[in-house]
Protein chains: 2
Amino acid sequence: MGITKSQIFTESQNDLAHFFKVLGHPARVAILQHISVQNACICNDLVEEIGLAQATISQHLKELKSIGLLDGEVEGKSMCYCINMDRWNTIQEQLNLFFNTTKSNCC
Amino acid sequence: MGITKSQIFTESQNDLAHFFKVLGHPARVAILQHISVQNACICNDLVEEIGLAQATISQHLKELKSIGLLDGEVEGKSMCYCINMDRWNTIQEQLNLFFNTTKSNCC
DNA sequence: TTTTTATATTGCAATATTACGATAATAAAT
DNA sequence: ATTTATTATCGTAATATTGCAATATAAAAA
């Protein structure tokens with residue numbers, strides 16, 4: 001086993017869980033915070049500030065890109081990673097919708 | 001390796017990532033929705049409605065309990081799982097705080 | 001052109017997660 | 001007391017994730 005049975009869930013449940021999952025790693029939380037708060041959008045700056053190997057950071061960046069949260073722009077020989085604010089806001093809304101519609105309780 | 005390097009992140013980053021991670025599985029999203037929307041708070045009802053093995057659902061319930069999102073109450077020979085609304089709201093606020101304070105962008 | 005610098009990709013080892021059958025534990029029903 | 005029903009835990013197999021070294025790629029600098 002070991003494989004998530006996506007077929008038995010709705011697309012919306014799978015999508016929502018996927019957003020949560022991508023955000024569910026401290027390195028990816030840290031990357032987003034560094035980019036936004038410290039303006040460290042250059043890939044190599046993130047490697048130095050966070051303290052994981054370059055290959056590892058690159059992998060985490062790829063996952064954040066996979067849900068559209070980050071846009072990468074070539075800047076000379078570096079890469080500048082920026083938060084896609086439209087996507088950011090959309091995902092925040094989706095998460096809030098989940099929290100707000102799941103409020104009623106049985107007991 | 002395969003082990004997350006929690007030591008290099010702040011407690012707040014680890015906590016936040018952990019909340020996201022627990023919510024990052026469609027079965028756990030489904031469980032929360034079933035409990036709240038369909039009032040199916042009895043463990044066995046969840047097993048039947050969701051369609052995963054009883055042992056698997058029990059494991060997912062345990063993870064939701066681990067971040068305080070679910071309270072379990074014995075009800076005869078069954079268990080009634082309810083959402084802890086205080087915790088629910090607190091976590092929603094934390095996630096929104098993250099989204100709101102990570103808004104500013106560099107490029 | 002060669003070297004340097006920055007990032008992505010590949011391959012791999014260690015660990016974690018998902019899922020389930022089997023079994024234990026507990027409480028109601030007979 | 002025995003049976004039945006419900007949930008938790010254990011053990012295990014399959015898969016996924018994390019992390020890094022090594023290597024490939026690409027662009028600027030020398």
Any donor-acceptor N/O pair under 3.5 Å between D:dA8 base and B:Gln54 side chain: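 Looking at the base of D:dA8, it does pair with a donor or acceptor on the side chain of B:Gln54 (distance under 3.5 Å).
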Ring geometry between B:Phe9 and A:His25 (parallel below 30°, tilted from 30 to 60°, perpendicular above 60°):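 The rings of A:His25 and B:Phe9 stand perpendicular, inter-plane angle above 60°.
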Nearest-angstrom distance from the residue atom [atom1] of [X] to [atom2] of [N]:
| X | N | atom1 | atom2 | value |
| --- | --- | --- | --- | --- |
| B:Gln59 | C:dA16 | CD | P | 14 Å |
| A:Met79 | D:dA28 | CE | C1' | 16 Å |
| A:Phe9 | C:dA19 | CZ | C1' | 11 Å |
| B:Tyr81 | D:dT7 | OH | P | 8 Å |
| A:Leu46 | D:dG19 | CG | C1' | 17 Å |
| B:His18 | D:dT18 | NE2 | P | 13 Å |
| B:Ile50 | D:dT7 | CD1 | P | 13 Å |
| B:Glu48 | D:dA5 | CD | C1' | 12 Å |

So which nucleotide from [options] ends up closest to the side chain of [X]?
| X | options | answer |
| --- | --- | --- |
| B:Thr56 | D:dT7, C:dC20, C:dT10 | C:dC20 |
| B:Ser78 | C:dT18, D:dT6, D:dA8 | D:dT6 |
| B:Asn44 | C:dT9, D:dT7, D:dC20 | D:dT7 |
| A:Ser58 | D:dA8, C:dT9, C:dT18 | C:dT9 |
| B:Ile3 | C:dA16, D:dT18, C:dT7 | C:dA16 |
| B:Leu52 | C:dA19, D:dA8, C:dA8 | C:dA19 |
| A:Ala55 | C:dC20, D:dT7, C:dT10 | C:dT10 |
| B:Lys5 | D:dT7, C:dA8, D:dC20 | D:dC20 |

DNA chain D: 5'-proximal contact among A:Val74 and A:Ala53 (nearest heavy atom):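 Its nearest nucleotide lies further toward 5', so the answer is A:Ala53.
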Of A:Arg28 and A:Lys77, the one whose closest DNA chain D nucleotide lies more 5':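 Its nearest nucleotide being more 5', the pick is A:Arg28.
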So [Y] and [X], do their side chains get closer than 4.5 Å, heavy atoms only?
| X | Y | result |
| --- | --- | --- |
| B:Arg28 | B:Val22 | yes |
| B:His18 | B:Asn14 | no |
| A:Leu69 | A:Tyr81 | no |
| A:Leu61 | A:Leu70 | yes |
| A:Phe20 | A:Leu95 | yes |

Sugar-phosphate, base or nothing in reach of B:Thr4, heavy atoms under 4.0 Å: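 Sugar-phosphate contact only - B:Thr4 comes under 4.0 Å of backbone atoms but never of a base.
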A:Asn100 and B:Gln92: CA distance, side-chain angles, deciding distance, side chain to side chain donor-acceptor pair (under 3.5 Å) verdict: CA-CA 9 Å; A:Asn100 293 333; B:Gln92 181 176 15; 3.1 Å; yes
B:Lys21 side-chain N/O to C:dT17 phosphate OP1/OP2 under 4.0 Å: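 Yes, within the criterion.
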Residues in contact with DNA chain C, drawn from residues 60-70 of chain B - heavy-atom cutoff 4.0 Å: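 Nucleic-acid contacts, sorted: B:His60, B:Glu63.
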Minimum heavy-atom distance between A:Thr101 and B:Val37, given as atom pair plus value: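 Nearest pair, atom of A:Thr101 first, then B:Val37: O-CG2, 4.0 Å.
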